[in-house]
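The figures here come from the full heavy-atom set of this structure, side chains too, leaving out hydrogens, waters and symmetry mates. The residues of the chain are indexed from 1 along the displayed sequence. Source: prediction; values computed, not measured.
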Amino acid sequence: MSETFRHWSRNWGTRLAALALILIFYGFARLPQAPENERKELASRFAFDRTPIPEMPEGQGPERRTVRPVHPDLREIASWISSVGAGVSLHDLDGDGLPNDFCSIDTRVDLALVAPVPGTGDRYPLFALDPAPRRFDRATMAPMGCLPGDWNEDGRTDLLVYYWGRPPIAFLRVADGPLAAAAFRPLDVAPADERWYTNALTSADVDGDGHLDLIVGNYFPDGARILDAQATNREHMHRSMSRSENGGKNRLLLWQSAGPEQVAFRDVPDAFDPQTTFSWTLAVGAADLDGDLRPEIYFGNDFGNDRLLSNRSTPGHPQLVAVEGERRFTDPSSKVLGHDSFKGMGVDFADLNGDGLLDIYVSNIAQNWALEESHFVWVSTGRPEKLQAGVAPYHDAGEALGMSRSGWGWDARFADFDNDGVPEAIQAIGFVRGTKNRWPELHELAMGNDNNMRHPGAWPHVKPGDDLSGHLHNPFFVRAKDGRYYDLAAEVGIDDSLISRGLGVADVDGDGDLDFAVANQWERSWFYRNEARKPGALLALDLRLPAGAGTRPAIGAAATVVLPDGTRHVAQVDGGSGHSGKREPVLYFGLGAADPSLPLPVEIQWRDTTGRAQRRTFQFTPGRHTVRLGGTEGGA
């Protein structure tokens, strides 16, 4: 070997080897892409028509703003503190049989607004829910979300608004006729003089007594003055990047009694273990994961472990036990359920692997070339009985399914938009938009001493003009033949750059395919009408329980549809899982090319109004069916 070659090898061999390793790891790091022709074929099944959601006209209502006044300790991170609040719910509020009404939180005016969905007729004018005479001060409080439900069980749909700066307010529907602010009576569901910072709230029959309870996910510590620009106390942030348990108190409000224009809840003081209780919660989900008609609860937490609670309650006596996943040899510890240190900001449920059990989709931060944690898809291992032994029978398949990386995520939703029997997945993405990239400073905070986290002065400046994940789009994930999901938002034509928070899903116009709405932070929100060219057959089940002179949604009821080839589809009526978006409480089953005249067996399980578990098998042809569930006599 010549001296020249040895010299070349010493100088360039190591460099070339390093470059080769970099290219290999870069190849592994890149998300796989479906072939172009397959992407086009998949995208051809979807089409959406985008329309702005109605908003308060300029010059009416409070003065518009794009950042909130905050506590003096937090002024240098005012945009971070002001990064939440946009929300949207789709529901049938006026009783016309269609979920063509919305309740949205517009952060620019800090109002909960109600109006018909665009394109569904001018049935009543837009109005704002008025908290008066309940305590509300826009200078120190802000609404964060709007949850529909029949809280006093009179057969009318009420609205519950949750806030930063005070406990939630239930707006009880007290008058029939056209919707208007005067048709709702505001009612405190907890002591009005307390200061809560609620970022997630869902409803479920937690203790199995036949009535809906409220699961409240709070963020900043109770009593803080986060939005008080005149405050003189001191405020703190999270305790660490990975184990922050110094946040607001998460609460279980058990339903106690109701009457005309009244409802009462009991705050259960020790409903959750201490770690769950004081996590910084941004998302809450409730679903029965083991088939006993008692909902498990998933808390998506910021700067700390998410928590899954197994439900072992009896009427009036909630018992919720934290369970954790089992680590396999190849699992990073941060991808074991209950051990992650990510930023849980959205949660939803669907059966992805066809085992008849719900899987769990969780949004985190997964920003390429920035903070690339991972979104989770906790897929069931088919052993639900392990929940009773303290084990969460789930493994993360987010990377294998192609949904682990998309950006700074908030609400996450599964929905079958083309009725082929395979759910698509959508996410609300983005944080703050500006021109000055603050990721380098945020990385410094993340790599620094955890003891610095609680001090606002140690955080990077995040004020108007600064940018963190501010120029992304909301992904639209579609499952391909290889079993992976691919983001086809660009091919479908819905890849606009948005700063999104909440996602609402419903078949707004009753045409047999699902539409959705996106709530955006400090900017206009949008409704996406589904214009799919050839959707498959659909079975929609509106499951109802008796309530007053009418009915209410049977939150928590479960249905299993069996197709002629033996395929089983499962779903449960959702009571508001997620961050700040709420879906219609109706079950939708895409049936593909099913014969529209062929009845299908459907097993329905529910708890009646006394809390008794019921089960019955029905026969339904494709289409929309309203099912009134009572005792064992439930009928269609």
* Asked: Does the side-chain contact (heavy atoms from CB on, under 4.5 Å) test come out yes or no for Met144 and Ser580, once each step is laid out?
  -> CA-CA 7 Å; Met144 294 284 141; Ser580 64; over 6 Å; no

* To do: Taking atom types as modelled, find out whether Asn250 and Thr277 have a side-chain donor-acceptor pair closer than 3.5 angstrom.
  =>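 The answer is no; no qualifying pair exists.
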
* To do: Taking atom types as modelled, find out whether Tyr219 and Asp302 have a side-chain donor-acceptor pair closer than 3.5 angstrom.
  =>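 Note: Tyr219 and Asp302 side chains meet the donor-acceptor criterion.
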
Closest heavy-atom pair and its distance - [X], [Y]:
| X | Y | answer |
| --- | --- | --- |
| Tyr162 | Ala200 | CE1-N, 3.9 Å |
| Pro546 | Arg628 | CB-NH2, 3.5 Å |
| Thr157 | Phe184 | O-CE2, 3.9 Å |
| Ser203 | Leu212 | OG-CD1, 4.0 Å |
| Phe414 | Asp348 | N-OD2, 2.8 Å |
| Ala112 | Val161 | CB-CG2, 4.0 Å |

* Structure fact -> For Asp511, the side chain to side chain contact (heavy atoms under 4.5 Å, CB included) test, sequence neighbours excluded, returns Asp507, Asp509, Asp513

How many angstroms lie between [atom1] in [X] and [atom2] in [Y], if you round to the nearest 0.5 Å?
| X | Y | atom1 | atom2 | answer |
| --- | --- | --- | --- | --- |
| Tyr361 | Tyr298 | OH | OH | 13.0 Å |
| Asp351 | Gln572 | CG | CD | 10.5 Å |
| Arg413 | Glu424 | CZ | CD | 15.5 Å |
| Leu320 | Arg307 | CG | CZ | 12.0 Å |
| Arg294 | Ser313 | CZ | OG | 7.0 Å |
| Asp222 | Phe220 | CG | CZ | 12.5 Å |

* Should Asp290 and Lys386 be marked as a salt bridge (Lys or Arg N to Asp or Glu O under 4.0 Å) after you check the CA-CA gap, both sets of side-chain angles, and the distance that decides it? -> CA-CA 9 Å; Asp290 58 6; Lys386 283 195 167 188; over 6 Å; no

Indicate yes or no for a side-chain donor-acceptor contact from [X] to the backbone of [Y] under 3.5 Å, with no hydrogens or angles considered.
| X | Y | value |
| --- | --- | --- |
| Arg134 | Pro186 | yes |
| Arg251 | Lys249 | yes |
| Ser89 | Cys146 | yes |
| Asn152 | Val263 | no |
| His579 | Gly346 | no |
| Glu584 | Pro99 | no |
| His375 | Asn364 | yes |
| Asn419 | Gly536 | yes |
| Ser577 | Ala286 | yes |
| Asp158 | Trp151 | yes |

* **Check against side-chain contact (heavy atoms from CB on, under 4.5 Å), Leu600 and Leu591** => CA-CA 10 Å; Leu600 299 171; Leu591 303 176; 3.8 Å; yes

* Partner of Asn305 under side chain to side chain donor-acceptor pair (under 3.5 Å), chosen from His339, Glu324, Gln275 -> Gln275

* Any idea how Phe618 and Phe620 line up, ring-wise: parallel (<30°), tilted (30 to 60°), or perpendicular (>60°)? -> parallel

* Asked: Can you say whether the rings of Phe136 and Tyr163 are parallel (under 30°), tilted (30 to 60°) or perpendicular (over 60°)?
  -> tilted

Of [options], the residue whose pairing with [X] passes side-chain contact (heavy atoms from CB on, under 4.5 Å):
| X | options | value |
| --- | --- | --- |
| Val508 | Asp92, Leu98, Thr120, Leu514 | Thr120 |
| Leu587 | Val573, Asp574, Ile604 | Val573 |
| Leu309 | Val206, Thr276, Val321, Ile215 | Thr276 |

Do the non-hydrogen side-chain atoms of [X] and [Y] ever get within less than 4.5 Å of each other?
| X | Y | answer |
| --- | --- | --- |
| Asp176 | Arg156 | yes |
| Ile555 | Asp205 | no |
| Phe102 | Leu90 | yes |
| Ile297 | Phe299 | yes |
| Val518 | Asp411 | no |
| Ser310 | Gln388 | yes |
| Leu179 | Arg173 | yes |
| Leu387 | Pro393 | yes |

* **Pairing residues for Trp196 by the ring pair (Phe, Tyr, Trp, His ring centres under 6.0 Å) criterion, not counting sequence neighbours** =>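 Per chain and number, Trp196 pairs via ring pair (Phe, Tyr, Trp, His ring centres under 6.0 Å) with no residue.
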
* Would you check if the distance from the ring center of Tyr394 to the ring center of Phe376 is below 6.0 Å? => no

* For Arg383, does the CZ atom have more than 12 heavy-atom neighbours from other residues, nucleotides or ligands under 6.0 Å away? ->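 Counting neighbours around CZ of Arg383, 12 or fewer heavy atoms of other residues, nucleotides or ligands fall under 6.0 Å, so no.
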
* Asked: Is the CZ atom of Arg568 crowded by more than 12 outside heavy atoms at less than 6.0 Å?
  ->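 Open: at most 12 neighbouring heavy atoms sit under 6.0 Å from CZ of Arg568.
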
* To do: Determine, step by step, whether Asp188 and Arg166 satisfy the salt bridge (Lys or Arg N to Asp or Glu O under 4.0 Å) criterion, reporting the C-alpha distance in whole Å, the side-chain angles of both residues, the deciding distance to 0.1 Å, and the verdict.
  => CA-CA 10 Å; Asp188 292 314; Arg166 63 149 297 136; 2.5 Å; yes

* To do: For Trp164 and Val84, run side-chain contact (heavy atoms from CB on, under 4.5 Å): C-alpha distance rounded to whole Å, both residues' side-chain angles, the deciding distance at 0.1 Å, then the answer.
  => CA-CA 10 Å; Trp164 272 19; Val84 290; 3.5 Å; yes

* Step-by-step side-chain contact (heavy atoms from CB on, under 4.5 Å) determination, Trp255 to Glu153 -> CA-CA 11 Å; Trp255 187 96; Glu153 301 179 357; 3.9 Å; yes

